[in-house]
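Structure first, then comments.
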Amino acid sequence: MTKKIAVINDLSGFGRCSLTAAISVLSAMGVQACPLPTAILTAQTEYPSYYCDDYTDKMEYFRSEWEKMGQHFDGIYTGYVASVAQINQIFRFIDTFDTPDTFLLVDPVMGDDGQTYSMYTPSLLKQMQLLVQRADIVTPNLTELCLLTDANYQNITQMKDSDELFSTIQGLGQQLCKTGPQNIIVTGIHFQKEDGTKAMGNLLINRESASLFSFPYVSGSYSGTGDLFASCIAAGIARGDSISSVIQLAGEFLELALLDSVKEHVPCNDGVNYEQFLCHLGTPHF
Ligand code: PXL
């Protein structure tokens, strides 16, 4: 049976992020995406100008209509949320559909490179912290991990010793695991390998241990890469891949897309050239 994931995220015309990324990745991985749009935007919010049609008031129709239909999801996957009211709607959705055989993946989209996005407020952070406690898997980047755990981003990124860097991040991840989630995947950690080359790491953290997946460093911070990564993880879990194999697969997929985007001089706000590499995601990895 085809697995089904409810995807709660916005639809942005440009930026190759949120639902655009999620629907294409889930489909390529053989998983049905059921989109619940939180907003419809002409382009993601990092562009100098955009128009946003907020869908918060429509979210309850999706919840109640899908409940009436008797729908069941293998996974619920949440991404960018613009307000406390949207997270409150997500809680209602979870109360209805998060059954014991459903996983909840929360991608706590709030910022990148030490900077927070325009919608970020302290009350949104508080509500996101509560949502994270309900999740099975959380996929923060380092900026978001620091926001969620009230850690100092500058102090962490200044660490030159990679053992110290990773054990600090592991400690913060395990702090989050204590409050609920079984797995935290911290994405986009910049570090130096022993031979001095720059690398990018994704750290999988659970209550007992941590494992590092490292990839060559590619310069530039592109829109939507976090969304593409989290979408691979959600679809991989739904189709039965092991979590480590899908982290490896997602990293290889993003590396191909990033290298092509650098080669083609794609502006960072436009997101990465990933479409031609979707075929790489097709085969399940156990
Ligand atoms: O990729 C994260 C994201 C998703 N959706 C919208 C955004 C952003 C990041 O800025 O603006 C609307």
Side-chain angles (χ1 to χ4, degrees), residues 5-26 33 35-59 76-87 89-90 105-121 124-125 127-128 131-132 135 137-148 153 185-188 200 202 218 220-235 250-251 253-254 257-258 261 266-275 278:
I5 298 181
V7 188
I8 307 178
N9 214 327
D10 68 272
L11 183 65
S12 291
F14 284 88
R16 292 190 273 199
C17 58
S18 29
L19 279 178
T20 310
I23 296 169
S24 52
V25 166
L26 265 60
L36 194 169
T38 54
I40 299 185
L41 296 93
T42 55
Q44 55 99 342
T45 62
E46 296 289 287
Y47 282 98
S49 172
Y50 63 89
Y51 170 76
C52 173
D53 188 12
D54 189 286
Y55 248 55
T56 312
D57 294 346
K58 314 288 191 314
M59 291 173 71
I76 301 169
Y77 159 33
T78 73
Y80 181 92
V81 284
S83 63
V84 168
Q86 285 186 351
I87 300 195
Q89 290 296 334
I90 291 173
L105 188 154
V106 172
D107 186 16
V109 179
M110 290 183 288
D112 204 2
D113 291 329
Q115 305 292 318
T116 53
Y117 292 136
S118 53
M119 85 312 187
Y120 170 87
T121 59
L124 186 74
L125 170 63
Q127 210 63 354
M128 187 60 91
L131 181 59
V132 160
I137 308 145
V138 190
T139 54
N141 58 32
L142 192 51
T143 305
E144 292 153 353
L145 178 73
C146 289
L147 289 171
L148 290 170
Y153 176 84
I185 310 168
V186 184
T187 61
M200 257 266 306
N202 296 322
V218 181
S221 183
Y222 288 86
S223 162
T225 50
D227 302 347
L228 288 165
F229 181 86
S231 302
C232 291
I233 304 299
F253 168 64
L254 279 166
L258 282 162
S261 308
V266 173
C268 286
N269 274 337
D270 293 354
V272 289
N273 292 345
Y274 71 90
E275 297 84 354
L278 284 168

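For reference, positions follow the sequence shown, starting with 1. Side chains included, hydrogens not; waters and symmetry mates left out as well; all remaining heavy atoms used. Only a predicted model underlies this, so the values are computations on that prediction, with no experimental measurement involved. Just follow the structure's listing: the first ligand is 1, and inside any ligand the first atom is 1.
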Just which atoms of ligand 1 are under 4.0 Å from any heavy atom in [X]?
{"X": "Ser18", "value": "4 (C), 5 (N)"}
{"X": "Tyr117", "value": "9 (C), 10 (O)"}
{"X": "Ser12", "value": "12 (C)"}
{"X": "Glu46", "value": "10 (O)"}
{"X": "Val109", "value": "2 (C)"}

What about Asp227: any of its N or O atoms under 3.5 Å from an N or O on ligand 1?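 Yes.
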Under 3.5 Å between some N or O of ligand 1 and some N or O of Thr45?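 For ligand 1, there is an N or O atom that lies under 3.5 Å from one belonging to Thr45.
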Would you please test Asp10 and Ser18 for side-chain hydrogen bond (donor to acceptor under 3.5 Å, both in side chains) and show each step? CA-CA 6 Å; Asp10 68 272; Ser18 29; 2.9 Å; yes
For the residue pair [X] and [Y], what are the closest heavy atoms and their distance?
{"X": "Met59", "Y": "Ile8", "value": "CE-CG2, 4.0 Å"}
{"X": "Tyr117", "Y": "Glu46", "value": "CD2-OE2, 3.5 Å"}
{"X": "Tyr50", "Y": "Ala43", "value": "CB-O, 3.6 Å"}

Hey, mind stepping through Ser223 and Asn269 against side-chain hydrogen bond (donor to acceptor under 3.5 Å, both in side chains) and telling me if it holds? CA-CA 5 Å; Ser223 162; Asn269 274 337; 5.9 Å; no
Strictly under 4.0 Å, does any heavy atom of Gly226 approach an atom of ligand 1?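 No heavy atom of Gly226 comes that close to ligand 1.
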Determine, step by step, whether Ser231 and Tyr77 satisfy the side-chain hydrogen bond (donor to acceptor under 3.5 Å, both in side chains) criterion, reporting the C-alpha distance in whole Å, the side-chain angles of both residues, the deciding distance to 0.1 Å, and the verdict. CA-CA 8 Å; Ser231 302; Tyr77 159 33; 2.9 Å; yes
List the closest protein heavy-atom neighbour of atom 8 (C) of ligand 1: residue, atom name, distance to the nearest 0.1 Å.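 Nearest protein contact, heavy atoms only, for atom 8 (C) of ligand 1 is Tyr80 CD1, 3.7 Å.
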I need the nearest protein heavy-atom contact for atom 5 (N) of ligand 1: residue, atom name and distance, please.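 Answer for atom 5 (N) of ligand 1: Asp10 OD1, 2.8 Å.
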So Phe14 and Tyr47, would you call those rings parallel, tilted or perpendicular, with 30° and 60° as cut-offs?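 The arrangement is perpendicular - the two ring planes meet at more than 60°.
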